[in-house]
Protein chains: 2
Amino acid sequence: MHNQAELAYRRLRERLMDGHYNPGDRLTELGICEDLAMSRTPVREALRRLQSDGLVASTGRGVVVSSLSPQDMQHAMQLHGALDALAAKLAATAQHEGRLSPAQLGALKRASRNVEERAETSDAAGAWRANLDFHMMLARLSGNPLLEDALDRIWARFAIVSLSNVSRRTDLTPRQHDAIVSAIIDGDPQRAEAAAAEHVREAAEMYGEGHQDRRSGPSAL
Amino acid sequence: MHNQAELAYRRLRERLMDGHYNPGDRLTELGICEDLAMSRTPVREALRRLQSDGLVASTGRGVVVSSLSPQDMQHAMQLHGALDALAAKLAATAQHEGRLSPAQLGALKRASRNVEERAETSDAAGAWRANLDFHMMLARLSGNPLLEDALDRIWARFAIVSLSNVSRRTDLTPRQHDAIVSAIIDGDPQRAEAAAAEHVREAAEMYGEGHQDRRSGPSAL
DNA sequence: GCACTCGACACTGGATGCAATGTATACGTT
DNA sequence: AACGTATACATTGCATCCAGTGTCGAGTGC
């Protein structure tokens, strides 16, 4: 599928997720048309899809890049926790039943190691990206496309708001990835599920600490 | 938002979910235009959204109503289990913290009772619908819009394939709803989560029994 | 000097026109 | 009679066009 509408969707999504557009930015159809060198029709379709994904929001007059209020962030993290735990459990089950290839396991371990390495550098955006890659790899190994898709949506929302201010502490907890990985390698669904849930719980807590000062205010972020 | 595109989306979604269109049916833009008495532009946007929702699938030449293979069904149920458990947990937590109004609790109880009543009639479609309403009420009470949305997507997929063959046994397990409801009323997150997980697990098992004969074949359904 | 109003403009929603393409059918050939 | 090919048609993708509408600014009155 390499039609214009699909292309527009992918390019816009990319721009959204790599911090090229920031939360609150207003997007006009004509501006994007010029930017992407295509007509309004495919651009509109792409915008609608992004709207459906929750990455942009309609303001009655055009669309703006979505920003997540602390409230939204909390909701997203609750969802993420449940989904990630399920992914870890399914991946561990798959491993237990011998349905995971050595290549897949290798990729997971590599992704995990990559997060640790990046976390030690000053490249905050790179570290964030590595973290995302690890979690998406986990989703992939679950063998459940719907789950993968759901997690993809969540992470896209995270990406928009995170990459515009990664400068501040990245709040990564790479060591916990080890617990998830080892549980999967051992083919232990229970442990994998618990480790993933714990991992997300701590990440959410860390986020809460960083934001509890503005907790009572309206959605500023 | 009462523009044509939104309207087209809602009407098509309704038709999809109430069994008016069946899995595998081919949908042509012009046909829908005539049906809905509007131009192709809003219809196209609606179709794209439905595609993004997974309710229809592109075939390179037009779209067809999605059908879920037993594989897909299993994946959807795994996801549903995790999300429903989370919803029950959050709803119970909300109740525990006194954030649930008597009206909301009443609506939940009413929905639960409604499922039981309908299950005893021969109105399979009505019973199915009541079951959906109960689960969506649960999602609502979780207080997490993202979760509600995710569950909405899942159930829409279920609806498409279910309502076209509700004639066969509906596989409802209404009594288990009681366990969930009472746990929520007691404000016991742990118990609510466990009850919801158990409920979905059994439903999935029941479905498996009904379909394990064709388990090995390709996605026929 | 400030506020209110009127008008121009920018932008979106919807419709239609045009070109490209896949499919089905009919005809010819073997 | 069966198979292959060619042509006509159905249908999509994209671009452009038109109408409705909110917004911003300028000008005028108080």
With sequence neighbours excluded, what pairs up with B/D18 under the salt bridge (charged side-chain N to carboxylate O under 4.0 Å, His left out) test?
none

Give A/L27 one of three labels, base, sugar-phosphate or nothing, depending on what nucleic acid heavy atoms sit under 4.0 Å from its own.
sugar-phosphate

Which residues share a ring pair (Phe, Tyr, Trp, His ring centres under 6.0 Å) with A/H75, sequence neighbours left out:
none

According to the salt bridge (charged side-chain N to carboxylate O under 4.0 Å, His left out) rule, which pairs have a member within residues 50-59 of chain A, sequence neighbours left out?
A/D53-A/R153

Specify the separation, in whole Å, of atom CD of A/E6 and atom P of D/dC14.
10 Å

Salt bridge (charged side-chain N to carboxylate O under 4.0 Å, His left out) pairs touching residues 103-114 of chain A, sequence neighbours excluded, are none

Whole-Å gap separating P (D/dT12) and CG (B/L30)
7 Å

Parallel, tilted or perpendicular: rings of B/F134 and B/H177 (30°, 60°):
parallel

By ring pair (Phe, Tyr, Trp, His ring centres under 6.0 Å) - contacts of A/F158 (at least two apart):
A/H80, A/W155

Tell me, please, which residues at least two apart from B/E97 pass side-chain hydrogen bond (donor to acceptor under 3.5 Å, both in side chains).
B/R99

Determine: side-chain N/O of B/R44 to OP1/OP2 of D/dA15, distance under 4.0 Å, yes or no.
no

Would you give a per-nucleotide map of nucleotides 16-25 of chain D, 5' to 3', where B means the base has a protein non-hydrogen atom under 4.0 Å away, S means only the sugar-phosphate does, and - means neither?
BB--BBS---

Pick the nucleotide of DNA chain D nearest each of B/R26 and A/A37; which residue has the one closer to the 5' end?
B/R26

Extract, from 5' to 3' on DNA chain C, the first and final nucleotides lying under 4.0 angstrom from some heavy atom of chain B.
C/dG13 to C/dG22

Please name all residues satisfying salt bridge (charged side-chain N to carboxylate O under 4.0 Å, His left out) with B/R48, sequence neighbours left out, ordered by chain then number.
A/E45

